[in-house]
Amino acid sequence: MSKNYKRYTISAALPYANGPKHIGHLAGAYIPADVYVRYLRLNGKDVVFVSGSDEHGTAIPNQALKENTTSRAIIDKYHAQIRDCFEKLGMSFDIYHRTSESIHHQTSQEFFLTLYNKGLLNEEVSEQYFDTEAKVFLADRYIVGTCPRCGHTNAYGDQCEKCGSTLSPRELIDPHSTLSGKPPVLRPTKHWYLPLQQYENWLKEWILNSHKDDWKTNVYGQCKSWIDAGLQSRAMTRDLDWGIKVPLPDAEGKVLYVWFDAPIGYISATRALFKELAEGKKEFATPQRDFGKVAEGDWKKYWSDEETKLVHFIGKDNIVFHCIIFPIMLHTSGEYILPDNVPANEFMNLEGDKMSTSRGWSIEMHEYLEDFPDKPDVLRYALLTNLPETKDSEFTWKDFQAKNNNELVAIFGNFVNRALVLTQKYFDNKIPASGALTPTDEKVITDLKEFPARIAASLENYRFREATALVMDLARLGNKYLAETEPWKLAKTDLPRVGTILNLALQISANLAVLVEPFLPFTSARLKLMLNSKNFTWQECGSHTLLKEGHALSEPKLLFEKIEDETIAGQIKKLNAKKASIELASQPVDLAKPEVTFDDFSKMDIRIGKILKAERVEKSKKLLKLQVDTGIDVRTVMSGIAEYFQPEEIVGKQVTILVNLAPRKIMGVESQGMILMASDKDGSLRLLQPSAVVSPGSKVS
RNA sequence: GGCGAGGUAGCUCAGUUGGUUAGAGCAUCGGAUUCAUAACCCGAAGGUCGGCAGUUCAACUCUGCUCCUCGCUACCA
């Protein structure tokens with residue numbers, strides 16, 4: 001099924017440098033990518049593994065505002081933090097680059113111009129909000145106002161963080177710029193659009209037909225969903241002062257859309273790698289193998305040669321960009337190859353809830369490393385055995401402990417330790433000679449021989465959990481062999497036989513040291529040190545003669561240690577405490593609205609009414625159609641509360657209603673008035689009721 | 001509401017083109033063992049494969065409907 005590729009270009013999603021990244025990100029993209037790459041390298045493949053920080057887009061300046069600093073300071077801070085965490089967790093990037101680097105700006109601008117010069121981008125003028133004082137167009141995120149849905153006074157132009165609704169800036173009531181505080185005005189602005197719909201047929205052929213069988217169902221399904229829904233033109237530029245300048249004469253104040261430049265970051269990183277290698281000075285490059293003598297232009301082979309296999313490792317949130325938009329860009333440019341696969345993972349939940357940095361329900365990489373500095377491999381293993389490969393999965397601390405204690409310690413570490421300690425005891429820590437083989441030995445040798453190919457087959461198909469389990473099975477094979485042959489009993493009567501057994505047990509250990517490398521690189525290194533063994537290739541594995549008779553071993557040490565219940569309880573406590581403190585901290589976010597006069601207030605005719613009837617609205621998830629007795633009359637009110645109230649439970653309830661609100665047609669029904677609600681910070685709604693029943697029509701003042 | 005992905009043993013998950021008694025790890029129980037971090041090894045128990053109907057000699061696997069979870073998207077306070 002797989003073509004024999006000459007070389008590989010492997011990318012791991014560029015993490016957005018606006019904050020720390022958690023273990024869900026690791027499970028989604030980075031761990032699988034690293035395992036895959038390490039496996040390829042062990043096979044002597046010509047592979048380049050790239051990643052780096054994604055440092056543009058509106059969220060960066062936004063985060064800078066929050067932290068009261070500059071965009072540059074934000075990206076410098078998080079770039080360094082994320083890069084260092086990755087390194088400590090063993091991510092073996094050949095380069096970890098940044099999209100703020102000039103070579104990336106250059107690459108992105110060249111890419112944009114290629115499309116522009118081919119006439120593939122459409123210029124379109126539309127009306128956008130402009131801040132007359134700051135003299136800039138405002139990205140959605142820079143406009144705040146009152147949320148038309150929940151009344152939150154500090155809703156962003158793209159989203160209300162209170163109720164979670166997706167908004168467009170024009171929906172905001174009383175919008176104002178976060179830069180000047182002034183109300184923005186609509187002004188025409190020009191942007192360049194990529195007409196995705198023109199490539200529908202091409203996409204159908206490329207994805208729906210040619211990748212029907214080799215792409216994961218979750219990835220394929222999402223692509224199909226997008227393509228079937230009909231693609232639309234998408235602006236590839238933005239009005240913003242943070243990002244890559246649009247390389248055209250009349251494009252002052254315009255930058256490339258972050259999703260245009262971010263995936264190009266893979267290309268820039270590759271380019272930067274070869275430039276640094278050719279020039280012999282490493283700034284971002286961390287080459288993981290000997291690239292030999294290279295020329296600056298060699299990067300092109302990794303992006304334009306049909307014999308290169310390009311694979312993007314991402315999380316499921318990135319599917320549309322990596323499978324639809326970026327491939328269209330690559331395709332239309334005419335200069336680049338397309339990804340062979342995009343094995344996107346689903347999400348990893350944490351202790352029963354969605355992982356979220358902003359809500360404090362997460363284990364950030366740096367937090368883990370602070371608490372378990374000497375255990376990067378334990379996290380890698382716990383994540384690997386539970387990757388969300390086909391559906392969302394779940395990480396729990398209890399499971400983390402179990403994986404460590406019951407598998408890494410009890411099976412893997414234990415087997416290696418048994419083989420080594422016995423050798424030290426009976427053979428002066430040297431590899432004993434192997435004598436005549438018994439049927440048991442022969443069977444183990446046969447089984448051992450099959451492991452490299454079995455693990456490889458799983459990895460080639462991006463089945464990392466299965467591959468990880470197979471490595472553990474090899475350690476199981478070792479334990480079983482020792483249990484069956486019982487060398488400690490034979491030691492008194494037949495030392496040569498004991499030698500044969502331990503020789504084979506050590507050969508299994510030597511194989512383990514190599515085969516486990518993609519998964520647990522730190523463990524692999526320590527084990528090789530104990531065995532005093534060289535770096536064997538994948539092809540050499542499966543052999544029962546890796547280590548020669550008489551070869552001296554180093555002092556055996558334990559590979560893993562148990563994790564106690566208290567440690568786990570401490571982590572769970574810490575997690576809950578973090579969530580609680582963030583909830584508390586995010587409490588007083590709402591600013592008071594601008595001052596009003598008593599006259600302004602008196603314009604509102606607010607009454608207490610009684611709900612007489614409530615029914616669901618067809619085809620609507622949020623709306624209830626209510627009949628309300630206002631004391632004045634009985635009227636119909638459409639209310640977006642269906643997600644929080646059952647129709648039957650609110651009938652008969654008294655509610656507060658704004659009766660002189662201009663009527664508005666909603667879902668074809670005229671809504672006469674508005675039910676007032678208290679919206680909690682999670683967006684949930686509660687009725688506003690008088691403390692005791694009053695007669696319908698009672699005024700609120 | 002539309003689209004997509006899931007719903008398989010107590011837990012976390014596999015199940016290839018429909019084909020004998022539906023698998024793994026962990027947890028549980030029993031046995032054996034003591035070289036090893038009370039670890040390992042052997043064995044047992046445990047599932048009407050979300051529900052209903054259909055196609056078929058045969059359905060976890062295909063089709064339709066339905067319920068639940070997650071994601072995107074739409075109406076909306």
Side-chain angles (χ1 to χ4, degrees), chain A residues 147-152 160 163 165-166 171 213 216-229 316-317 319-320 346-347 349 354 382 385-396 398-399 401-403 405-411 413-426 458 461 463 465-466 468-470 472-473 475-476 478-491 498 501-502 505 556 558-562 617-624 637-644 658 661 664 666-669 671 674-677 679 683 685:
Chain A
C147 175
R149 319 249 202 270
C150 70
H152 175 51
C160 172
C163 66
S165 331
T166 309
E171 293 178 86
D213 299 320
K216 293 170 63 167
T217 53
N218 57 329
V219 176
Y220 183 88
Q222 236 189 83
C223 291
K224 187 170 176 348
S225 172
W226 271 79
I227 295 168
D228 289 349
K316 71 172 165 186
D317 50 330
I319 289 175
V320 61
E346 301 279 306
F347 287 156
N349 294 319
K354 244 185 93 156
T385 51
N386 207 10
L387 291 177
E389 287 177 335
T390 58
K391 55 183 168 189
D392 288 358
S393 68
E394 174 148 334
F395 179 95
T396 65
K398 199 166 159 288
D399 183 61
Q401 179 191 29
K403 290 279 160 60
N405 293 357
N406 303 334
E407 299 182 29
L408 290 177
V409 173
I411 297 170
N414 187 33
F415 165 64
V416 170
N417 188 240
R418 295 169 83 184
L420 289 171
V421 168
L422 286 169
T423 305
Q424 192 178 37
K425 196 161 165 184
Y426 300 125
S458 295
N461 288 301
R463 301 163 74 117
R465 291 161 48 129
E466 188 177 81
T468 308
L470 282 169
M472 195 51 67
D473 280 346
R476 282 197 175 89
N479 275 320
K480 186 174 173 171
Y481 177 63
L482 290 181
E484 280 172 357
T485 53
E486 300 182 309
W488 51 90
K489 280 189 180 166
L490 298 172
V498 173
I501 294 166
L502 290 183
L558 296 176
L559 284 174
F560 303 99
E561 59 183 17
K562 281 199 152 196
V617 176
E618 280 289 305
K619 298 191 173 189
S620 170
K621 202 157 72 184
K622 298 187 177 177
L623 281 180
L624 288 186
V637 177
M638 300 292 275
S639 187
I641 59 174
E643 286 176 293
Y644 301 99
L658 179 61
L661 180 68
R664 184 177 165 189
I666 296 166
M667 297 287 283
V669 178
S671 179
M674 177 171 136
I675 306 294
L676 303 186
M677 291 280 163
S679 65
L685 303 175

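Labels below follow one simple rule: chain letters A, B, ... track the order of the sequence lines, proteins then strands, and each chain is numbered from 1. Just so you know, these numbers come straight off a predicted model, no measurement behind them. Excluded from the calculations below are hydrogen atoms, water molecules and symmetry mates; all remaining heavy atoms, backbone and side chain alike, are included.
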Starting at atom [atom1] of [X], determine the distance to atom [atom2] of [N], rounded to an integer number of angstrom.
X: A/Asp399; N: B/C11; atom1: CG; atom2: P; answer: 13 Å
X: A/Phe560; N: B/A36; atom1: CZ; atom2: C1'; answer: 15 Å
X: A/Tyr481; N: B/A36; atom1: OH; atom2: P; answer: 19 Å
X: A/Glu407; N: B/U12; atom1: CD; atom2: P; answer: 15 Å
X: A/Asp473; N: B/A24; atom1: CG; atom2: P; answer: 11 Å
X: A/Asn218; N: B/G6; atom1: CG; atom2: P; answer: 7 Å
X: A/Tyr220; N: B/G4; atom1: OH; atom2: P; answer: 12 Å
X: A/Ile319; N: B/U73; atom1: CD1; atom2: P; answer: 14 Å

[X] versus [Y]: any side-chain heavy-atom pair under 4.5 Å?
X: A/Asp392; Y: A/Lys354; result: no
X: A/Glu486; Y: A/Trp488; result: yes
X: A/Leu482; Y: A/Ile501; result: yes

Query raised in the report: Within the structure, does a side-chain N or O atom of A/Lys391 lie under 4.0 Å from either OP1 or OP2 of B/G7?
Result: yes

Please determine whether a side-chain nitrogen or oxygen atom of A/Arg463 lies at a distance below 4.0 Å from atom OP1 or OP2 of B/A24.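 No, because none of the side-chain N or O atoms of A/Arg463 sits under 4.0 Å from OP1 or OP2 of B/A24.
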
Partner nucleotide, any strand, of [N] [Watson-Crick/G-U, under 3.5 Å]:
N: B/U63; value: B/A53
N: B/C76; value: none
N: B/A5; value: B/U69
N: B/A58; value: none
N: B/G23; value: B/C13
N: B/G30; value: B/C42

Below 4.0 angstrom, N of the basic side chain to O of the carboxylate: do A/Glu346 and A/Lys316 qualify?
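Salt bridge present between A/Glu346 and A/Lys316.
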
Exercise for review: Indicate, with a heavy-atom threshold strictly under 4.0 Å, whether A/Lys354 touches base, sugar-phosphate, or nothing.
Suggested key: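 Answer is sugar-phosphate: A/Lys354 comes under 4.0 Å of backbone atoms only.
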
- If you look at every strand shown and take non-hydrogen atoms under 4.0 Å, does A/Thr385 touch a base, only sugar-phosphate, or nothing? nothing

Can you tabulate the close N/O pairs, meaning under 3.5 Å, that link protein atoms to atoms of nucleotides 38-43 of chain B?
residue : atom : partner  : partner atom : Å
B/A39   : OP1  : A/Lys562 : NZ           : 3.0
B/A39   : O2'  : A/Ala410 : O            : 3.1
B/A39   : O2'  : A/Asn414 : ND2          : 3.1
B/C40   : O4'  : A/Asn414 : ND2          : 3.3
B/C40   : O2'  : A/Arg418 : NH1          : 2.6
B/C40   : O2'  : A/Asn479 : OD1          : 3.3
B/C42   : OP1  : A/Lys480 : NZ           : 3.3

